Amino acid sequence: MAMLLPNPTGAGRRPRLHRSPGLAGLCPVPPLGSRLPVGTGTRTNMAAPSHQATYDAIVIGAGIQGSFTAYHLARRHRDTLLLEQFILPHSRGSSHGQSRITRSAYAQATYARMMPDSFHLWQQLEAEAGTSLYRQTGLMMLGPADNPELEGCRCSVSTNQILDAAALTQRFPGLRLHAGEVAVWDGTGGVLLADRALRAVQDVFRRHGGTLRDGEKVLRIEPGAVLTVTTTAGVYRAPRLIITAGAWTGALLAPLGLHLPLQPLRIDVCYWREKEPGSLGAGRLGPCFIAVGLSQYPHDIYGLPSLEYPGLVKVCYHHGSSTDPEERDRVPPGTPRPDIALLSSFISRYLPGLEPSPAVVETCLYTNTPDEDFILDRHPKFSNIIIGAGFSGRQWRGAPTSPQSRPEPWGWLCPPAPLLSAGHGFKLAPVVGKLLCELSLDEEPSHSTAPFAITRFPGVLRAAL
């Protein structure tokens, strides 16, 4: 369907006004086409934090969630500023890398209901960007035959196809099952090309008239009917603010009196070499997989076919160590990495075609809530501040929990429950962005946000610093 987009050069758009030091009057911001490209980190007019501009909306954090939020706002013809503290592209947060799993199989109905909308919105972005962002490989959910979460995943996919060890070996020779284990096939599963997707949504956002400014760390947020955001390079105002800053969200919210139970984790992202080059691919991509409920492994393990590095398969443990996002890369040499030892054991048992020692180990940040569900809500005191956080989680093992049954105060001191699935924020980012956009515009959300309310965590609103 044809769409009337704002002219990317800025022609015909209402000029946004800003006041620069030494200028007596207001002057329009230069059109988008005349600005320096994002990622240069060089802006001659941004040498001091005295630049000022007013927008309809400001989004802090240009990861996949914030970028989709800004994209939806710009498509709704809201003049939107997207702020990123690091020079783009970067690998400091949770949205970098070339691949993420996407799927329909979910044991929790809340997310299963959101996935069709997410697939549709990914296709919409592909059409607008004119590029492919998804490779359909299928997904295997592996685990004990009597595992209730595996049964829940089976019920959420239409194919209803279960493979035993013999059938799996015949169809996908690289994967092994053991006695009492089965695999649930999700034919919609596959790989999202993460870096390409992030670039695409940011590019389309700018084509819709949005402004993306990287290399600007937020120093201060002043609430009010019109909020003020001060960065290392400027001062910006808007009647609505959306915070999607990943592991840095807590630090931004604390001065506003909100102390959310967000836990940043440092995750090892491991790539494993094929013993015989091409043996697992055999001219085509093998499936993604998620292994759940295996007694030998306290947390889930997931894998993607060889895409990022030729001949290397991505297999990761969905668990990590608590970290300060500013100190993530400062790990002393010789620090034990028990997660890699567990992965090596898994590789030997379930993927014997891979070398049992990783060829490449990278890191990524997760940001989890105690119940591993998202936060999509308004600030309890400042309703024009919208918060999106906690996108790296999973679902509790066993029956879905109610707020009353979740561990208190937030569960960080309780032994961790086994995990169900790999972090699911990326695949749902188009829907998350739409919901955050709708919340910021005081519209009825297109999906229920009740499971994602801040009120499920008591005592988080305190006096501001």
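This structure is a prediction, so every number in the text was calculated from the model and none was measured.
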Any donor-acceptor N/O pair, [X] side chain to [Y] backbone, under 3.5 Å:
{"X": "D214", "Y": "E84", "answer": "no"}
{"X": "E128", "Y": "L125", "answer": "no"}
{"X": "T69", "Y": "C437", "answer": "no"}
{"X": "Q202", "Y": "A62", "answer": "yes"}
{"X": "E274", "Y": "L312", "answer": "no"}
{"X": "T449", "Y": "P445", "answer": "no"}
{"X": "H379", "Y": "L256", "answer": "yes"}

Discussion item. Tell me whether the count of non-hydrogen atoms from other residues, nucleotides or ligands lying under 6.0 Å of CD in Q296 goes above 12.
Written reply: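 Yes, the 6.0 Å shell around CD holds more than 12 heavy atoms from other groups.
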Item to complete: Determine whether more than 12 heavy atoms belonging to other residues, nucleotides or ligands lie under 6.0 Å from atom CZ of R273.
Response: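 Atom CZ in R273 is not crowded, with 12 or fewer foreign heavy atoms closer than 6.0 Å.
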Are [X] and [Y] side-chain neighbours, meaning at least one heavy-atom pair lies under 4.5 Å?
{"X": "Y350", "Y": "L294", "value": "yes"}
{"X": "L265", "Y": "L365", "value": "no"}
{"X": "L142", "Y": "I290", "value": "no"}
{"X": "L83", "Y": "V229", "value": "yes"}
{"X": "V432", "Y": "T244", "value": "no"}

Discussion item. Applying side chain to side chain contact (heavy atoms under 4.5 Å, CB included) to R240 and L441, what does each step give before you reach the verdict?
Written reply: CA-CA 8 Å; R240 55 186 63 85; L441 299 176; 3.8 Å; yes
Tell me every residue that passes salt bridge (charged side-chain N to carboxylate O under 4.0 Å, His left out) with [X], counting only those two or more places apart in sequence or in another chain.
{"X": "R378", "result": "D442"}
{"X": "D268", "result": "R266, R337"}
{"X": "R76", "result": "E443"}

Worksheet item: Partners of H447 by side-chain hydrogen bond (donor to acceptor under 3.5 Å, both in side chains), sequence neighbours excluded?
Response: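 Residues passing side-chain hydrogen bond (donor to acceptor under 3.5 Å, both in side chains) with H447: D117.
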Fill in: By side-chain hydrogen bond (donor to acceptor under 3.5 Å, both in side chains) - contacts of Q124 (at least two apart)
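Q124 satisfies side-chain hydrogen bond (donor to acceptor under 3.5 Å, both in side chains) with Y71 once adjacent residues are dropped.
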Worksheet item: Have E438 and H72 got a donor and an acceptor in their side chains that come within less than 3.5 Å?
Response: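 Side-chain D/A pair, E438 to H72: absent.
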Practice prompt. Report yes or no: do E216 and T231 form a side-chain donor-acceptor pair below 3.5 Å?
Written response: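 Their side chains do contain a donor-acceptor pair, which is all the 3.5 Å distance test asks for.
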Worksheet item: Residues two or more places apart in sequence or in another chain: which of them pass side-chain contact (heavy atoms from CB on, under 4.5 Å) with P430?
Response: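 For P430, the residues satisfying side-chain contact (heavy atoms from CB on, under 4.5 Å) (neighbours in sequence not counted) are F68, S118, L121, W122.
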Discussion item. Counting the benzene-type ring for Trp, do F346 and Y297 have ring centres under 6.0 Å apart?
Written reply: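 That pair passes the under 6.0 Å test.
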Worksheet item: Do you know which two heavy atoms are closest between F205 and L212, and how far apart they sit?
Response: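 In this case the closest contact between F205 and L212 is CE2-N, 4.1 Å.
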Discussion item. For F172 and W185: C-alpha separation, side-chain torsions, deciding distance, then whether ring-ring contact (aromatic ring centres under 6.0 Å, His included) applies.
Written reply: CA-CA 11 Å; F172 302 106; W185 173 248; 5.4 Å; yes
